[in-house]
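One structure is given below, encoded as structure tokens.
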Amino acid sequence: MSFPLLTATAALPAIGAIATAAVPAAQRTAAKWLALLFSLATLVLAGIVLARFEPGGARYQLTESHAWIKDFGVRYELGVDGIGVALLALTALLIPFVMLAGWHDADPLETKSSRWRPTQGFFALILMVEAMVILSFEATDVFLFYILFEAMLIPMYFLIGGFGDRAHSGSDENAAAQRSYAAVKFLLYNLAGGLIMLAAVIGLYVVAGTFSLSEIAEARAGGSLSMATSTERWLFLGFFFAFAVKAPLWPLHTWLPNAMGEATSPVAVLITAVVDKVGTFAMLRFCLQLFPEASKWATPVILVLALISIVYGALLAVGQRDIKRLIAYASISHFGFIILGIFAMTSQGQSGATLYMVNHGISTAALMLVAGFLITRRGSRLIADYGGVQKVAPVLAGTFLIGGLATLSLPGLSPFVSEFLVLVGTFSAYPAAGIIATTGIVLAALYVLVLYQRTMTGPVKAEVRGMADLKVRELVVVLPLIVLLVFLGVYPKPLTEIVNPAVQHTMSDVHKKDPQPEVEAVK
């Protein structure tokens with residue numbers, strides 16, 4: 001029996017969470033280092049998974065399959081395709097940076113008399129989220145995926161509500177109420193989507209007699225499984241609704257600005273760069289693969305919702321006064337691009353959407369973490385409270401600018417490649433949708449450059465005059481992300497080679513081919 005590499009990659013952070021939580025209350029620094037070491041070890045295992053993955057090989061690789069709940073046909077089945085392995089690597093890469101950025105975020109909660117160990121809890125919860133997200137990218141059993149899809153909400157709820165942002169303009173009581181509201185809203189929205197998905201998961205089992213993706217695919221290919229049109233459409237809607245909540249897609253997006261605004265900046269990165277990617281990933285793996293005809297049936301409506309997300313999110317970002325909420329609305333716009341690329345159902349669009357998931361994770365992490373360093377220094381999230389920062393903290397301002405330019409998809413930085421492919425794929429199939437989507441690019445330039453101008457340029461405000469520049473720990477967090485943004489912007493081939501074969505499988509699932517360009521004959 002070969003070594004269960006995928007299980008180990010998810011189990012290691014789970015073990016780390018338990019070990020971190022068990023560290024004695026007085027050993028806060030030891031708990032931090034222990035959690036960081038487990039996250040780095042997970043990154044090494046993720047690198048091994050990436051190295052062993054063969055882009056031209058079988059669709060699902062490094063597979064594991066064991067009986068779990070025999071009476072209900074539930075199996076513990078794992079496997080990664082090019083899309084899953086790319087997002088797995090992204091998750092493992094970002095978690096150490098999230099921990100380093102949030103190194104002192106739980107310290108203000110520490111008291112000598114309290115038995116609660118917030119530092120240990122904070123880092124243990126991050127590791128638990130990592131374990132569940134990684135396993136969700138590996139799961140090829142629908143029921144197993146559903147369990148993980150719901151379970152990851154619990155640690156995220158406590159990270160938002162229990163360790164929220166302390167840079168609040170109101171009283172402590174009002175700040176605590178806002179954090180509680182954001183955490184409950186996050187939980188209720190996602191639980192509602194999950195309950196609807198549970199009904200669809202049960203319906204799928206009634207129709208297919210199994211939860212295994214491989215068995216369902218074999219049954220479809222062999223002609224032994226066929227779904228009535230109405231049944232397939234209802235099941236698709238049940239799955240898609242849950243994924244659209246987590247994505248987040250308009251009009252199911254309203255929980256995100258609250259959650260990102262009230263969470264600490266590292267936890268906000270965990271939400272939008274890691275957890276939310278499960279929603280868009282699941283659209284590719286489950287919606288298109290399990291319900292191809294229903295996916296094509298729903299495409300016009302989904303494209304409209306994606307376009308609304310792009311324009312609406314960007315417009316609200318332009319008008320924001322809160323730095324973190326601005327980044328949250330920008331993320332809603334970016335997720336609209338991802339969903340647009342998925343349901344354009346062209347190879348360029350879906351490749352671009354997958355690259356967008358990875359590159360958005362890196363760019364948003366860079367921008368949000370630098371914004372968090374800025375907010376910690378000033379103690380305010382309001383844009384109006386800043387001005388002239390580049391004169392007193394030039395490195396902070398420079399890294400903030402690069403993160404912002406990546407967010408607006410500047411050529412030479414990795415998000416540009418993703419956005420370009422999404423738009424090319426959309427234009428070739430739906431020209432009108434492609435034209436509307438380009439307005440999101442113009443608006444992105446507006447909200448990013450205005451944000452930079454108002455916070456970093458102009459006269460130095462008295463409150464920021466003594467602001468310190470980035471420290472060594474903060475540079476260790478930001479610089480590798482910037483290097484990745486530049487490297488993948490100039491040379492995206494390593495990522496596209498992994499992703500493209502998986503995209504071709506997905507295109508085959510929905511029986512779609514790229515539109516052929518119309519070329520007039522030369523006379």
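In what follows, every heavy atom counts, from backbone to side chain, and hydrogens, waters and symmetry copies are set aside.
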Name of the residue among Phe122, Phe97, Phe373, Trp33 meeting ring pair (Phe, Tyr, Trp, His ring centres under 6.0 Å) with Trp103: Trp33

CG-CZ distance between Leu100 and Arg473, expressed to the nearest 0.5 angstrom: 7.5 Å

Sole candidate of Leu94, Thr9, Leu93, Thr91 that passes side chain to side chain contact (heavy atoms under 4.5 Å, CB included) when paired with Leu43: Leu93

Taking every non-hydrogen atom, the tightest pair across Arg377 and Asp469: NH2-O, 2.8 Å

Considering all heavy atoms, the nearest Ala92-Thr42 contact: CB-O, 4.2 Å

Straight-line distance of Asp385 CG to Ile375 CD1, nearest 0.5 Å: 10.5 Å

Taking every non-hydrogen atom, the tightest pair across Thr399 and Ile482: CG2-CD1, 3.7 Å

Heavy-atom side-chain contact between Met152 and Lys246 under 4.5 Å: yes

Tyr189 versus Thr254, side-chain donor and acceptor atoms under 3.5 Å: yes

Heavy-atom donor-acceptor pair, Gln320 side chain to Leu316 backbone, under 3.5 Å: yes

Distance-only polar pair, side chains of Tyr452 and Gln390, donor-acceptor under 3.5 Å: yes

Phe286 side, atom CZ; Met197 side, atom CE - distance, nearest 0.5 Å: 6.5 Å

Nearest-0.5 Å distance, CD of residue Glu130 to CG of residue Leu12: 8.5 Å

Ring centre gap for Tyr312 and His253 strictly below 6.0 Å: yes

Over all atoms of both residues, closest heavy-atom pair of Phe236 and Ala298: CE2-CB, 3.4 Å

Ser333 (side chain) donor-acceptor with Ile310 (main chain) under 3.5 angstrom: yes

Nearest atoms (heavy-atom pairs only) where Val142 meets Val201: CG1-CG2, 4.0 Å

Closest contact, heavy atoms only, Gly489 versus Val417: O-CG2, 3.9 Å

Exam field: side chain Thr439 to backbone Ile436, donor-acceptor pair closer than 3.5 Å: yes

Residue of the set Phe343, Tyr146, Phe149, Phe281 for which ring pair (Phe, Tyr, Trp, His ring centres under 6.0 Å) holds with Phe243: Phe149

Validation row, ring centre Phe145 to ring centre Phe239 under 6.0 Å: no

Sub-4.5 Å side-chain heavy-atom contact between Glu474 and Leu396: no

Arg454 atom CZ, neighbour heavy-atom count above 12 within 6.0 Å: no

Euclidean distance, Ser265 OG relative to Asp105 CG, rounded to 0.5 Å: 7.5 Å

Atom pair CG (Leu191) and CG (Leu195), whose distance is rounded to the nearest 0.5 Å: 6.0 Å

Member of Leu481, Thr407, Leu401, Ile402 meeting the side chain to side chain contact (heavy atoms under 4.5 Å, CB included) criterion with Leu367: Thr407

Donor-acceptor contact below 3.5 Å, side chain Glu262 vs main chain Gly161: no

